[in-house]
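This report concerns only the one structure given below.
Scope of the values below: all heavy atoms of this structure, side chains included, with no hydrogens, waters or symmetry mates. Letters A, B, ... mirror the listed sequences (proteins, then strands); counts begin at 1.
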Amino acid sequence: MKKKVGIVGVARTSYGKRPEAHLQDLSFEAVQKVLEQTGLRFTEDGSGIDATVSCSQDHWDGWTISSKNAIDGAGGHLRTEEKVAADGAYALYYAVLCILSGHHDCILIIAHTKESQVDGRLIENTGIEPMYGRMLGLDFTTCAALQARRYMDERGITPTQCARVVVKNRKNAMGNPAAPVSEILTEDDVLTAPILADPIRVPEAKPVADGACAVIVATEEKALQWTDRPVWVKGMGCCYDRHYPGYRDLIDPLALRKAATMAYGMAGVSDPRKEVDLVELSEYFAYQELLWCEGLGLCPEGEGGKLVDSGATGPGGDIPVNPSGGLLAGVPVNVAGLDRAVEAALQLRAEAEERQVEGARTALVHGTGGACGQMHCVLVLGR
Amino acid sequence: MSDEPLEIVIPMDLRFKWSAGPHLGHFLRELREGNIVANRCPECGRLQLPPTPVCGRCHVAMGTDWVPLSTKGTVISYSFVVDPMYDAGIGDMRPVPYTIAAIVLDGGPDVAFFHRLEEKDPEKVRVGMRVEAVFRPPGKRQGLMEDIIHFRTID
Ligand SMILES: [Zn+2]
């Protein structure tokens with residue numbers, strides 16, 4: 001990238017169920033934390049935050065133009081606020097573009113979702129086109145099950161390899177104070193757990209989570225002025241595939257490959273396996289971590305299973321994937337991709353405590369949305 | 001004064017009247033007659049199922065090059081759904097377990113068709129099995145995906 005955009009602050013709530021919290025409590029909590037951390041305020045003279053980009057979804061909030069739930073806490077009162085109604089990684093992507101355009105110098109990004117207030121599978125059923133897929137009762141879980149089966153059948157991915165993702169991420173989550181999951185599972189626990197939509201078992205699906213996370217990005221000049229540990233957005237790309245999963249070859253995450261190629265090209269990454277120190281990706285289901293690793297070019301096509309078997313993606317491996325525990329640790333939708341950036345930034349600032357990847361210099365951030373990964377957003381962050 | 005968390009339950013029953021439009025509309029009218037049709041992109045020649053007005057790949061209008069597909073096909077993926085799920089097709093939670101499948105219909109190799117299988121025994125379903133659509137009786141079809149009851153095993 002010609003101009004540099006720096007992350008100057010990251011913060012979040014914990015992601016457990018929050019029956020006591022109004023939607024606005026969640027986002028305001030994360031915003032207050034990031035303001036306190038950076039000392040920045042909402043200003044009009046260029047001395048602080050110029051504008052807000054929020055990320056939430058009307059269906060999840062049960063409230064159209066869902067950003068208005070959070071507008072005051074997000075610093076949107078009589079100010080510029082724009083909503084990205086997709087995954088939080090897209091909100092970061094958009095905020096970076098706003099800065100690269102020269103229109104703003106500093107942006108607060110805030111994502112929130114309170115999954116526990118509604119049956120999420122009803123919401124995800126409405127994420128499917130109504131007259132064909134929705135009439136069949138398809139939702140993101142049943143679509144994922146069809147993708148998982150096809151991936152396992154065509155590539156020889158085993159239930160044990162998927163279970164290993166759960167075991168790894170659950171263990172990693174123990175070092176992540178924001179993660180609501182509190183139980184380490186064995187492979188056997190996963191392989192004998194209740195089925196959700198076969199071949200997917202309950203612990204292989206992202207748990208219900210509530211919460212918000214906030215990121216502040218700024219121009220190079222301001223980032224250097226405001227923090228001694230800026231994290232730079234080095235490259236980014238996003239790509240959509242077609243809506244109907246039946247139109248896509250579900251074992252080839254083409255949109256992810258294209259998004260990653262854009263991000264790598266911009267960041268000058270030619271061999272991600274060698275040049276990236278850690279990956280925070282969005283695995284809504286265990287098998288997706290393996291498939292997304294393939295799409296990100298971390299291993300050859302069809303070898304996502306071998307990758308987890310080798311231990312390369314575990315702690316101390318050559319390419320740790322989701323040292324935070326990933327989405328299987330419990331991260332709200334929409335917040336998901338932005339939380340990946342929060343985790344990556346903490347790693348690059350050497351503030352990831354127990355889950356720190358030693359000497360991390362370059363991290364991959366991935367967000368996705370839609371059934372079976374219809375759209376993907378990839379960012380390369382570096383220190 | 002107690003400060004227990006208050007959670008207010010408000011149900012929402014939203015009734016939409018969706019227009020199927022000419023392309024999906026044609027598909028659903030054909031379904032009502034017991035046929036499954038796709039449309040073919042005039043540029044890349046790929047079939048679209050369900051039919052849409054535009055080919056995303058070529059960004060051209062799909063037109064009306066209708067291609068009848070067989071109601072028989074091959075299962076390429078399936079799932080036994082055991083966690084109850086709201087189903088717009090019946091307006092309620094669909095009784096579990098049921099089997100949802102991705103099926104490549106004969107004559108339609110570009111795309112997978114989704115529907116339920118009659119077979120609910122996990123031991124008897126496999127990728128590659130041959131299946132055939134079972135339609136509701138002619139007078140009972142409404143131009144909905146539910147006009148197909150399920151796909152039955154044929155080998
Ligand atoms: Zn075409």
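- Taking A:P199, A:A21, A:A197 one by one and counting their heavy-atom pairs under 4.5 Å with chain B, the maximum is reached by A:A197.
- Chain B is approached within less than 4.5 Å, heavy atom to heavy atom, by A:D139, A:T142, A:A145, A:L146 from residues 139-147 of chain A, ordered by number.
- Listed by sequence position, B:W18, B:S19, B:A20, B:L24 are the residues of residues 15-26 of chain B in contact with chain A, using a 4.5 angstrom heavy-atom cutoff.
- Near-neighbour residues of residues 119-126 of chain B relative to chain A, defined by a heavy atom under 4.5 Å from a heavy atom of that chain, are none.
- Residue B:V82 touches chain A through both its backbone and its side chain, counting heavy-atom pairs closer than 4.5 Å.
- Considering OG1 of B:T52 and OH of A:Y132, their distance stands at 12.0 Å, rounded to 0.5 Å.
- Of the atoms belonging to B:Q48, heavy atoms from both backbone and side chain fall under 4.5 Å from chain A.
- A:E20 CD to B:E7 CD: the interatomic distance, rounded to the nearest 0.5 Å, is 9.0 Å.
- Ranked by heavy-atom pairs under 4.5 Å with chain A, the list B:P50, B:P5, B:G56 is led by B:P50.
- At a 4.5 Å heavy-atom cutoff, A:Q117 makes no contact with chain B through either its backbone or its side chain.
- For the atom pair CG (A:L136) and CD1 (B:I100), the distance works out to 5.0 Å, reported to the nearest 0.5 Å.
- For residues 240-258 of chain A, the interface with chain B (any heavy-atom pair closer than 4.5 Å) comprises A:R242, A:Y244, A:P245, A:G246, A:Y247, sorted by residue number.
- When the candidates A:T126, A:V118, A:L122, A:D119 are compared by the number of heavy-atom contacts under 4.5 Å with chain B, A:L122 comes out ahead.
- Listed here is the closest heavy atom pair of A:M135 and B:E146: O-OE2, 3.5 Å.
- Taking CD1 from B:I76 and CZ from A:R149, the interatomic distance works out to 12.5 Å, rounded to the nearest 0.5 Å.
- Here the straight-line distance linking atom CG of A:D198 with atom CG of B:D83 works out to 13.0 Å at 0.5 Å rounding.
- Atom-to-atom distance recorded for A:I195:CD1 and B:F80:CZ is 9.0 Å, nearest 0.5 angstrom.
- A 6.0 Å sphere centred on NZ of B:K72 holds no more than 12 heavy atoms belonging to other residues, nucleotides or ligands.
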